Protein chains: 2
Amino acid sequence: MNKIPEKTIERMILYRRLLLGIQNNETNNIFSHQLAAMAGVTSAQLRKDLTPTGYYGSPVHGYDITQLMDSISEIIDAPQMQNVALAGLGHLGRAVLDYSQGRRPKLQIIAAFDTDPGKINRAIHGCRCYHTDEIEKVIKENNITVGILAVPVDEAQEIADRMVNAGIRGLLNYAPMQLKLPNDVYVENRDMIMAVEKAAYFARQSVKGKEGKVHESLS
Amino acid sequence: MNKIPEKTIERMILYRRLLLGIQNNETNNIFSHQLAAMAGVTSAQLRKDLTPTGYYGSPVHGYDITQLMDSISEIIDAPQMQNVALAGLGHLGRAVLDYSQGRRPKLQIIAAFDTDPGKINRAIHGCRCYHTDEIEKVIKENNITVGILAVPVDEAQEIADRMVNAGIRGLLNYAPMQLKLPNDVYVENRDMIMAVEKAAYFARQSVKGKEGKVHESLS
DNA sequence: TCATGTGAAGACATTCACAGCA
DNA sequence: TGCTGTGAATGTCTTCACATGA
């Protein structure tokens, strides 16, 4: 399997979700320009993105929706189940849990961590909450490889270190700081403060009525 | 002012925050390689990013921390105050509000919208909550140009349309869907579901012990 | 005709490498 | 020496343009 560009992966995830949404409609097929319009990309972009799947559409009928979904899933889903751990059950952690609820069968948040005694040993959406002290134990025992960091900034580095030591290979970081972690661990930063500042900056660049979009940022 | 690359803007926001964190320390100066290390980028990258500021460092003393902060702020801050509106005060909305609290004097969330009667007319962190019906009125009256969308998916498009009609020029979208909006409005998508799937994908690509980072994603 | 897949071109972003300077 | 700013080279991503086939 060749290395697939990061941006392509992001869009594949989007394409699959869009396809899922139009499944069971009257039609079983879709053309590249239709799906591209839903995703907000050009049809050429979409077709190039699909190259790594090896799935070929027909110039006459376009793509078979189900087959295309499956082909994309082969790439972006793990062969077996992938377990996820969530650190921090404040407002943000709860939001993450709510959003992720029942989305992907192959990818589930099976454990959450917090220090609040009122939350420990309770389950939300089928996800059990443990005390932060148990991070290492729970991650190892359940073979969890993906982590979500939703703790306050001042705890973020320590918790991240512990998660990585316990076996986390990919980390989604919501703390507004730059984590120092081994190079072989993937980190996806979702800095909420930066996001607002960025939106504000580009809001100023956006001149009303000017055609040709300011530009848009996926993911 | 020339058009500054999006990635550069993101990193400028990061640089400023890092500089803010080391202000009032024993030293007033910093070298590019030091700040670059904190930001997780190369020193060449940092120096290139600073070009648009017009601020010049000294080969002997590096950069003056305060002056550099100010130079960056001139670019990423609005000349006057920029007002922000937040739609949706569920867990996610609350999290956004908590994080943004007292961060940037020039950028403040001054209004929130929800339909829950228990929240309306209350204030959180000095941000007043209005009923969703008042979106147009409040946005216009307060000259709000930046919006944050933290409502459920099925309401997202309608609320977004109304915000944009009322004057929003830049929108931070947390709903896991592709909004259809005029091209001249800037949209920053922060899809929480995609973020987890992406982290999971790259977690699998990350081979333990392999040098040369998997790669990392800012913002 | 119309939609597909794809090489070639273009746009954008990062890294390299080095001149200049105290 | 050691750090800066920056042109040139490299790398990554997107768009263009067209051959192919029903």
Side-chain angles (χ1 to χ4, degrees), chain A residues 2-15 27-65 67-68 71-72 75 183 198 202 205 212-219, chain B residues 2-15 27-65 67-68 71-72 183 198 202 205 211-219:
Chain A
N2 253 335
K3 191 163 155 280
I4 302 169
E6 173 176 5
K7 297 292 182 67
T8 297
I9 293 295
E10 287 186 5
R11 285 187 299 261
M12 280 185 176
I13 295 170
L14 174 59
Y15 299 150
T27 171
N28 296 320
N29 299 285
I30 191 168
F31 290 113
S32 67
H33 64 92
Q34 299 175 304
L35 182 54
M38 289 189 247
V41 301
T42 67
S43 64
Q45 174 88 80
L46 167 62
R47 293 198 300 274
K48 205 143 239 172
D49 284 339
L50 297 185
T51 320
T53 65
Y55 176 71
Y56 278 45
S58 138
V60 180
H61 304 105
Y63 306 94
D64 179 284
I65 292 176
Q67 282 178 31
L68 182 52
S71 304
I72 295 177
I75 291 177
N183 276 344
K198 191 180 166 192
F202 285 108
Q205 312 302 309
K213 69 167 55 186
V214 194
H215 78 224
E216 180 161 352
S217 177
L218 202 82
S219 100
Chain B
N2 254 335
K3 191 163 157 279
I4 303 169
E6 173 176 5
K7 296 292 183 67
T8 297
I9 294 295
E10 287 187 4
R11 285 186 299 260
M12 279 186 176
I13 295 169
L14 175 59
Y15 300 150
T27 172
N28 296 321
N29 298 286
I30 191 168
F31 290 113
S32 67
H33 65 92
Q34 299 175 302
L35 182 54
M38 289 190 249
V41 301
T42 66
S43 64
Q45 173 85 263
L46 167 63
R47 293 199 298 274
K48 231 184 198 136
D49 284 339
L50 296 185
T51 322
T53 65
Y55 176 70
Y56 277 45
S58 138
V60 180
H61 304 105
Y63 305 94
D64 179 283
I65 292 176
Q67 283 179 31
L68 182 52
S71 303
I72 294 177
N183 276 344
K198 191 179 166 192
F202 285 107
Q205 312 302 309
E211 254 320 305
K213 69 167 56 185
V214 194
H215 79 224
E216 179 162 354
S217 177
L218 202 81
S219 101

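Sequence lines set the chain letters: A, B, ... in the order given, protein chains first and strands last, and positions in each chain run from 1. Not measured: the values here are computed from a predicted model.
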Expressed as a whole number of angstroms, how long is the span from A:Asn29:CG to C:dA3:P?
14 Å

Please lay out, stage by stage, how A:Tyr56 and A:Gln67 fare under the test side-chain contact (heavy atoms from CB on, under 4.5 Å).
CA-CA 10 Å; A:Tyr56 278 45; A:Gln67 282 178 31; over 6 Å; no

Rounded to whole Å, CD of A:Gln45 lies from P of C:dA9 at a distance of 20 Å

Phosphate-side-chain proximity, A:Ser32 and C:dT4, N/O vs OP1/OP2 below 4.0 Å:
yes

Find the distance B:Glu6:CD to C:dT14:P and express it as a whole number of Å.
10 Å

Nearest heavy-atom approach of A:Val41 to A:Arg11 is CG1-CD, 3.8 Å

With a 4.0 Å cutoff (strictly under), does any side-chain N or O of B:Tyr63 reach OP1 or OP2 of D:dG5?
yes

Closest-nucleotide mapping onto DNA chain D: is B:Thr51 or B:His33 further toward the 5' terminus? I mean the 5' end.
B:His33

Over all strands shown, is B:Ser58 touching base, sugar-phosphate only, or nothing at heavy-atom distances under 4.0 angstrom?
sugar-phosphate

In terms of side-chain heavy atoms of B:Phe31, which of D:dC3, C:dT14, D:dC13 is nearest?
D:dC3

Taken to the nearest whole Å, NZ/B:Lys7 to P/C:dA11 is 18 Å

Please tell me which of the listed nucleotides, D:dA8, C:dT6, C:dA3, lies nearest to the side chain of A:Lys48?
C:dT6

Would you say a side-chain N or O of A:His61 is under 4.0 Å from OP1 or OP2 of C:dA3?
no

Between A:Tyr56 and C:dA3, is there a side-chain N or O to OP1/OP2 distance below 4.0 Å?
no

d(CG, B:Leu50; P, D:dG5) in whole Å
7 Å

Distance, nearest 0.5 Å, that separates OG of B:Ser32 from OH of B:Tyr15:
10.0 Å

Rounding to an integer number of Å, can you tell me how far B:Ile30 CD1 sits from D:dG2 P?
19 Å

N/O (side chain, A:Thr42) to phosphate O (OP1/OP2, D:dT15) under 4.0 Å:
yes

Please check if the number of heavy atoms outside A:His61 that lie under 6.0 Å from its NE2 is greater than 12.
no

With a 4.0 Å limit, can you tell me whether B:Arg47 has a side-chain N or O closer than that to the phosphate oxygens OP1/OP2 of C:dA17?
no

How long is the line joining CG of A:Asp49 and C1' of D:dT14, in whole Å?
10 Å

Step by step, work out the side-chain contact (heavy atoms from CB on, under 4.5 Å) result for A:Leu50 and A:Leu68.
CA-CA 9 Å; A:Leu50 297 185; A:Leu68 182 52; 3.9 Å; yes

Choose from C:dA22, D:dC3, D:dC13 the nucleotide whose nearest atom is closest to any side-chain atom of B:Pro59.
D:dC3

Report which part of the nucleic acid B:Thr8 touches: base, sugar-phosphate, or nothing (heavy-atom distance under 4.0 Å, all strands).
nothing

Length of the CZ-C1' vector between A:Arg11 and D:dT12, whole Å:
12 Å

